[in-house]
Amino acid sequence: MYALVDGNNFYVSCERVFRPSLNNRPVIVLSNNDGCAIARSNEAKALGIKMGAPWFKIRHLEDEAGLVALSANFTLYGDMSDRMMSLAAGLGPTQEIYSIDESFIGMDGVRGDLTDRARRIRARILTWTGIPCGIGIGQTKTLAKLANFVAKTAERKPGSYPDALAQVCNLATLPAEDLAAVLAATEVGEVWGVGRRIAAQLQEGGVRTVQDLARLDPATVRSRWSVVLERTVRELRGLPCIEFEDAPAPKKEIACTRSFGRPVTDLAPLIEAVSEFAGRAAEKLRAQGSVASQLLVFAHTSPYRPGPKYHRSVVVPLRRPTADTALLVHAAVAGMHQIYQPGFQLIKAGIMLLDLAPDSRVQGELDLDGGEDATAERGKLMRVMDGLNGRYGKGTVHVASSGLDDYRREWGMRQERRTPHYTTNISDIPVARA
DNA sequence: TCTGGGGTCCTAGGACCC
DNA sequence: TCTGGGGTCCTAGGACCC
């Protein structure tokens with residue numbers, strides 16, 4: 001048995017904890033560069049704002065409907081997530097943190113009324129962190145996801161499902177005919193693993209509801225679509241096919257990419273940008289105890305804007321697997337030199353670390369120069385760098401090629417409406433006035 | 001008249017997730 | 001003026017092997 005705990009409109013809810021005046025108003029959180037909406041309050045959804053809607057197209061709602069838009073404050077969301085996750089963990093013996101706002105809880109071995117227990121945990125998370133959650137319970141992860149959708153929808157749209165399923169929904173204890181009614185009332189596209197493409201194909205074949213999908217023959221689904229969708233069908237029937245991942249597996253690739261605040265055409269700012277990206281990615285790489293064998297660099301023009309198009313990337317092999325910032329930055333810069341062409345309005349660049357392996361498996365190297373053990377020294381340097389950045393904040397120590405001034409850099413991102421780091425920066429802590 | 005069978009590895013692209 | 005970032009898995013097809 002699994003539960004899925006999911007923060008409602010998570011980023012917006014995080015912002016509301018510290019600015020209660022945002023309650024009951026249409027609020028959205030924007031992506032990096034204030035580009036598009038990536039979180040929406042219920043009121044904003046009711047205005048018809050879609051996930052990913054470009055800000056410049058919905059901006060008029062500020063004046064027309066009192067819409068409030070905030071720049072993403074990922075530092076805040078990450079910290080609030082940690083708090084929510086540690087409380088959600090109390091629901092059962094195992095937890096899989098699936099995303100910044102969702103975790104699956106393994107409920108096997110938990111005695112007593114699970115629905116009741118989930119309600120108490122939900123209340124605790126709300127009281128202690130201020131974040132409202134939905135909790136879904138089911139026999140498989142896919143059913144828990146579905147139950148979670150029902151819990152949130154029943155709350156947001158009264159009448160869509162029985163009121164008793166709002167906030168906390170346990171599909172496993174539902175009488176068969178009630179379960180059938182829920183499955184029949186839910187569109188197939190809401191199922192975890194069924195995206196736009198497959199939903200359209202299913203609907204074309206007359207498979208419109210979750211109930212229709214669950215009734216398909218798994219073998220047919222496999223041959224017509226894929227083994228992935230077959231697993232989904234089996235999961236909907238209560239047969240677990242998707243592993244529960246207790247401990248996060250190490251990443252197989254690590255990326256750091258950004259859109260620029262404005263188009264960039266010169267090589268120098270591009271070098272700065274990919275230097276910083278490589279440095280950040282190297283930190284993530286060391287944090288998971290891995291080394292990379294290849295580094296990919298890319299840059300491209302806007303897919304939306306007219307003008308000459310440019311889209312290039314190159315994979316730079318590393319002489320040996322490494323997690324050394326200097327070597328990775330060097331590779332990134334070399335790659336950028338290779339792909340750079342003047343005359344294009346580039347709006348995005350990035351790097352990816354590929355071919356990752358545990359650092360314990362790195363082969364030693366014979367030092368032909370007979371000098372000191374340079375590899376060990378570099379390792380110490382990296383640990384010191386990570387230590388300083390961990391203690392004094394990101395970017396305290398970085399390579400010089402990534403530039404000096406975070407604000408005047410040509411490629412820096414736009415972020416005009418970010419709230420303070422309420423929970424992670426001592427000078428941003430809210431002050432209560434008498 | 002008329003070109004085997006079986007396997008692995010790699011890559012690009014598609015689809016999905018949040 | 002203006003459209004995010006970071007992942008995973010699967011499949012098909014090509015190259016290559018014996």
Side-chain angles (χ1 to χ4, degrees), chain A residues 4-11 28-40 49-60 62 69-74 77-78 81 96-104 141-142 145 148-149 188-202 221-232 241-243 245 248-263 273 277 280-281 284-285 288 294 296 298 300-307 311 313 315 345 347-356 413-416:
Chain A
L4 182 77
V5 185
D6 175 320
N8 297 349
N9 314 329
F10 186 64
Y11 298 163
I28 58 173
V29 170
L30 299 171
S31 65
N32 278 337
N33 265 322
D34 297 342
C36 57
I38 54 171
R40 305 158 295 154
I49 297 173
K50 299 275 180 271
M51 187 69 172
W55 173 227
F56 71 92
K57 287 189 183 171
I58 52 175
R59 190 167 198 157
H60 59 96
E62 262 185 317
L70 300 168
S71 300
N73 184 348
F74 290 115
Y77 311 148
S81 171
E96 173 187 338
I97 295 177
Y98 178 67
S99 75
I100 192 162
D101 71 328
E102 282 175 64
S103 69
F104 288 102
K141 287 167 80 173
T142 303
K145 278 284 245 183
N148 180 274
F149 170 80
V188 72
E190 303 298 345
V191 173
W192 188 40
V194 178
R196 274 223 324 271
R197 240 3 209 272
I198 292 174
Q201 291 165 9
L202 286 167
V221 170
R222 183 178 196 141
S223 58
R224 169 77 175 76
W225 283 277
S226 68
V227 65
V228 182
L229 193 63
E230 181 197 7
R231 283 200 281 256
T232 299
C241 300
I242 302 175
E243 288 284 311
E245 275 146 40
K251 302 256 177 281
K252 297 174 178 175
E253 50 189 55
I254 291 175
C256 189
T257 70
R258 289 285 176 282
S259 295
F260 302 132
R262 53 198 154 110
F277 301 157
R280 286 276 157 87
K284 296 187 211 168
L285 186 65
Q288 72 163 28
Q294 298 186 301
L296 177 147
F298 73 84
H300 63 77
T301 48
S302 169
Y304 305 107
R305 300 182 61 183
H311 205 292
S313 66
V315 174
Q345 303 254 300
I347 48 91
K348 183 170 180 173
I351 69 108
M352 291 174 78
L353 303 179
L354 310 171
D355 227 338
L356 309 189
M413 68 182 176
R414 239 185 350 261
Q415 229 189 10
E416 288 164 1

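Just so it is clear: chains get the letters A, B, ... in the order the sequence lines come, proteins before strands, and each one is counted from 1.
Qualifying side chain to side chain donor-acceptor pair (under 3.5 Å) partners for Ser223(A), counting only residues two or more places apart in sequence or in other chains: none. Every residue two or more places apart in sequence or in another chain that forms a side-chain contact (heavy atoms from CB on, under 4.5 Å) with Lys251(A) is listed here: Ile254(A), Gln288(A). In this structure Asp6(A) satisfies the salt bridge (Lys or Arg N to Asp or Glu O under 4.0 Å) test together with Lys152(A), sequence neighbours excluded. In this structure Glu230(A) satisfies the side chain to side chain donor-acceptor pair (under 3.5 Å) test together with Arg222(A), Arg234(A), sequence neighbours excluded. Trp225(A) meets the side chain to side chain donor-acceptor pair (under 3.5 Å) test with Gln201(A); sequence neighbours excluded. Annotation: side-chain contact (heavy atoms from CB on, under 4.5 Å) contacts of Ile97(A) (sequence neighbours excluded): Met85(A), Gln95(A), Ser103(A). The side-chain contact (heavy atoms from CB on, under 4.5 Å) search around Ala69(A) returns Ile28(A), Leu30(A), Trp55(A), Arg417(A), not counting sequence neighbours. Every residue two or more places apart in sequence or in another chain that forms a side-chain contact (heavy atoms from CB on, under 4.5 Å) with Glu243(A) is listed here: Glu245(A). Checked against side chain to side chain donor-acceptor pair (under 3.5 Å), Asn148(A) has no partners two or more places apart in sequence or in another chain.
Atom pair Arg305(A):CZ and dT3(C):P shows a separation of 7 Å (rounding to whole Å applied). Rounded to whole angstrom, the span from the CG atom of Leu30(A) across to the C1' atom of dT1(C) amounts to 15 Å. One atom, CZ of Arg59(A), and another, P of dC2(C), lie 13 Å apart when rounded to the nearest Å. Whole-Å rounding puts the Ile28(A) CD1 to dG4(C) C1' distance at 13 Å.
For Arg414(A), no side-chain nitrogen or oxygen approaches OP1 or OP2 of dC2(C) to under 4.0 Å. Within the structure, every side-chain polar atom (N or O) of Arg231(A) is placed at least 4.0 Å from both OP1 and OP2 of dC9(C).
The same atom, P, is picked in dT3(B) and in dC18(C); the two are 25 Å apart, to the nearest Å.
For the helix from dG5(B)-dC18(C) to dC18(B)-dG5(C), the end axes, each set by the C1' atoms of five terminal pairs, are bent relative to each other by 10° (nearest 10°).
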Check your understanding: What string of B, S and - do you get for nucleotides 11-18 of chain B, 5' to 3', when a contact is any protein heavy atom under 4.0 Å?
Key -> ----SSSS
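Nearest to the side-chain atoms of Val227(A) among the listed nucleotides dC10(C), dC2(C), dG4(C) stands dC10(C).
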Protein-nucleic acid N or O pairs under 3.5 Å, nucleotides 5-8 of chain C:
from, atom 1, to, atom 2, distance (Å)
dG5(C), OP1, Ser259(A), N, 2.5
dG5(C), OP2, Ser259(A), N, 3.3
dG5(C), OP2, Ser259(A), OG, 2.9
dG5(C), OP2, Lys348(A), NZ, 3.1
dG5(C), O3', Arg258(A), NH1, 3.1
dG6(C), OP1, Arg258(A), NH1, 3.0
dG6(C), OP2, Thr257(A), N, 2.6
dG6(C), OP2, Thr257(A), O, 3.0
dG6(C), OP2, Thr257(A), OG1, 2.4
dG7(C), OP2, Ala255(A), N, 2.5
dT8(C), OP1, Lys252(A), N, 3.0

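Taking the six-membered ring where the residue is Trp, Phe74(A) and Tyr77(A) present perpendicular rings, their angle passing 60° and hence far from 30°.
Ranked by how close their nearest DNA chain C nucleotide is to the 5' end, Ile38(A) and Val228(A) are led by Ile38(A).
Judged by distance alone, with hydrogens and angles left aside, the side-chain atoms of Ser71(A) form no donor-acceptor pair with the main-chain N or O of Asp34(A) at under 3.5 Å.
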